[in-house]
**Student:** 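One structure coming up, written as structure tokens, with questions to follow.
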Amino acid sequence: MTGASRFVRACLRKPVDRTPVWFLRQAGRYMAEYQAVRKHHSLVEICKNPDLAAEVTITAAEKLDVDAAIIFADLLLPLECMGLDFEFQAGEGPVIHSPVRTAFDVARLRTDRASALAYVAEAISRVASHFRDRAGLIGFCGAPFTLASYMIEGGGSRNYIHTKTLMYREPSAWQSLLVKLATVLREYAAQQVQAGADVIQIFDSWAGALSIDDYRDFVLPITTTLVRDVQALGVPVIYFGVETASLLPLMRQTGADVLGLDWRTPLDKAWRELDYACAVQGNLDPITLFSQPELLRRRVHQVLDRAASRPGHIFNLGHGIVPETPVENVQSVVKFVREYTPQPNAETRP
Ligand code: CP3
């Protein structure tokens with residue numbers, strides 16, 4: 001079985017020869033090869049240069065020998081074509097210069113320039129022709145809520161006060177913002193699929209800031225529309241968020257093929273509560289990568305034990321690799337996943 005078919009089959013809950021593995025933020029600052037490119041180019045420069053973006057994507061996936069590569073890009077890129085400038089300030093994270101705060105600000109956002117994001121699709125086609133079937137290729141975009149929160153807060157946030165204020169007090173502006181985002185994101189995902197992405201991951205990283213009721217009333221409908229639109233392009237969708245234990249049953253209602261799990265909920269419990277109705281991805285605590293080999297191996301095997309060789313598990317972390325992570329420990333995890341797999345006929349397992 002090739003990396004691509006192993007990964008895509010697991011997304012669709014079909015039996016595989018062994019559990020596929022890849023890592024959130026597998027190309028990033030913890031890797032010397034990335035640092036070397038980054039020394040001469042800003043993050044956005046790398047994203048906008050298909051040669052560099054493809055190189056960074058390929059180098060990381062090959063160095064780790066994973067079953068899937070995720071295209072090197074950033075969640076915030078679509079903001080620019082909608083009319084919002086942003087930058088990454090060292091140590092501060094992203095800063096959006098004129099945050100969206102009013103119905104007027106929402107009305108000014110453009111939805112007709114998604115073609116400006118074609119550099120991401122260009123990078124995807126280079127990575128696709130490099131790997132062919134050897135590794136799956138993941139395209140991605142932000143989810144409407146998480147991107148709206150960056151647009152409104154102007155960066156990361158602790159309490160999402162501006163976001164929730166607009167959501168509660170200006171529901172029609174909120175709805176219009178989400179619809180505009182979904183319009184751009186659908187076209188952006190379509191470009192990526194057309195260029196060769198096998199799967200699209202939708203990052204709703206900050207959905208965990210929402211109560212169940214707010215998620216259901218203000219976020220679930222548009223997210224469901226986006227998930228279905230992306231699936232209609234002919235690829236599986238992975239829907240990922242952090243601190244989502246209580247939201248998982250609602251996130252399941254989007255119809256996503258795979259839900260990404262953070263590390264706080266045991267994988268077996270989360271999957272059972274989802275009635276095994278979708279595949280799951282996760283969910284090792286990324287900080288476990290700072291432990292010694294014996295404990296790391298045990299924790300990796302515990303995640304796999306919880307998945308119990310059921311079809312539809314993709315091994316990953318519960319959130320992204322952090323910059324200080326020793327790269328050899330990430331490579332060890334790949335080894336531990338491979339050595340574990342008992343390779344029973346997964347279909348005959350209870
Ligand atoms: O290998 C990969 O995972 C692909 C690349 C990737 C990046 N960003 C590159 C990047 C992916 C999938 C993302 C998604 C992304 N971007 C998310 C969702 C994922 C998640 O962690 O939940 C979010 C929230 C963003 C927005 C963003 N971009 C933040 C909050 C930051 C951190 C700022 C900082 O300085 O730590 C970034 C920067 C960023 N995007 C880096 C990378 C490799 C690190 C910064 C650098 O090289 O300067």
Side-chain angles (χ1 to χ4, degrees), residues 21-49 52-64 66 68-80 84 86-96 120 123-124 127 135-151 153-158 160 185 188-189 192 197 199-209 238-244 260-263 281-283 286-287 316-325 327 330:
V21 51
W22 69 279
F23 299 92
L24 294 164
R25 283 278 166 95
Q26 64 192 21
R29 283 170 292 190
Y30 77 107
M31 204 174 258
E33 292 84 346
Y34 175 75
Q35 296 274 21
V37 176
R38 192 60 180 78
K39 224 159 109 185
H40 304 287
H41 304 277
S42 71
L43 172 66
V44 173
E45 268 168 29
I46 301 173
C47 295
K48 289 189 174 177
N49 179 328
L52 288 177
E55 177 194 323
V56 167
T57 305
I58 291 167
T59 304
E62 290 196 329
K63 180 158 182 168
L64 301 175
V66 282
I70 181 163
I71 192 63
F72 192 86
D74 194 81
L75 220 55
L76 301 183
L77 297 171
L79 270 54
E80 194 179 50
L84 295 180
F86 65 88
E87 63 179 313
F88 288 94
Q89 291 179 354
E92 300 273 328
V95 176
I96 292 95
V120 175
I124 286 184
V127 178
L137 179 46
I138 304 165
F140 74 88
C141 62
F145 170 75
T146 290
L147 283 181
S149 82
Y150 276 111
M151 286 179 154
E153 302 293 337
S157 177
R158 178 189 283 266
Y160 298 90
L185 295 170
Y188 181 38
Q192 297 185 54
V199 171
I200 294 289
Q201 174 149 328
I202 299 178
F203 283 94
D204 215 348
S205 304
W206 314 138
I238 305 172
Y239 181 39
F240 169 81
V242 183
E243 297 198 64
T244 53
L261 306 176
D262 69 52
W263 68 93
Q281 176 172 280
N283 69 342
I287 309 306
N316 206 312
L317 307 173
H319 203 177
I321 296 176
V322 303
E324 302 83 359
T325 304
V327 69
V330 186

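Remember, it's 1-based here, ligands and their atoms both numbered in the order they're listed.
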**Student:** Please determine which of Trp206, Phe203, Phe140 meets the ring-ring contact (aromatic ring centres under 6.0 Å, His included) test together with Phe240.
**Tutor:** Phe203
**Student:** Show your reasoning for whether ring-ring contact (aromatic ring centres under 6.0 Å, His included) applies to Tyr150 and Phe86.
**Tutor:** CA-CA 10 Å; Tyr150 276 111; Phe86 65 88; 9.4 Å; no
**Student:** Any side-chain to backbone donor/acceptor pair from Asn283 onto Asp262? Under 3.5 Å, distance only.
**Tutor:** yes
**Student:** When you measure from the side chain of Thr57 to the backbone of Ile71, do you find a donor-acceptor pair of N or O atoms at a distance under 3.5 Å?
**Tutor:** no
**Student:** Below 4.0 Å from any atom of ligand 1, which residues have a heavy atom? Give them in chain and number order, please.
**Tutor:** Arg25, Gln26, Ala27, Gly28, Arg29, Tyr34, Arg38, Leu43, Ile70, Ile71, Phe72, Ala73, Asp74, Leu75, Phe88, Gly93, Pro94, Phe140, Tyr150, Phe203, Ser205, Trp206, His319
**Student:** Just do the side-chain contact (heavy atoms from CB on, under 4.5 Å) check on Trp22 and Gln281 with the steps written out, would you?
**Tutor:** CA-CA 10 Å; Trp22 69 279; Gln281 176 172 280; 3.0 Å; yes
**Student:** For a quick test of reading the model, state the closest non-hydrogen atom pair linking Cys141 to Leu185 and the distance between them.
**Tutor:** CB-CD2, 3.9 Å
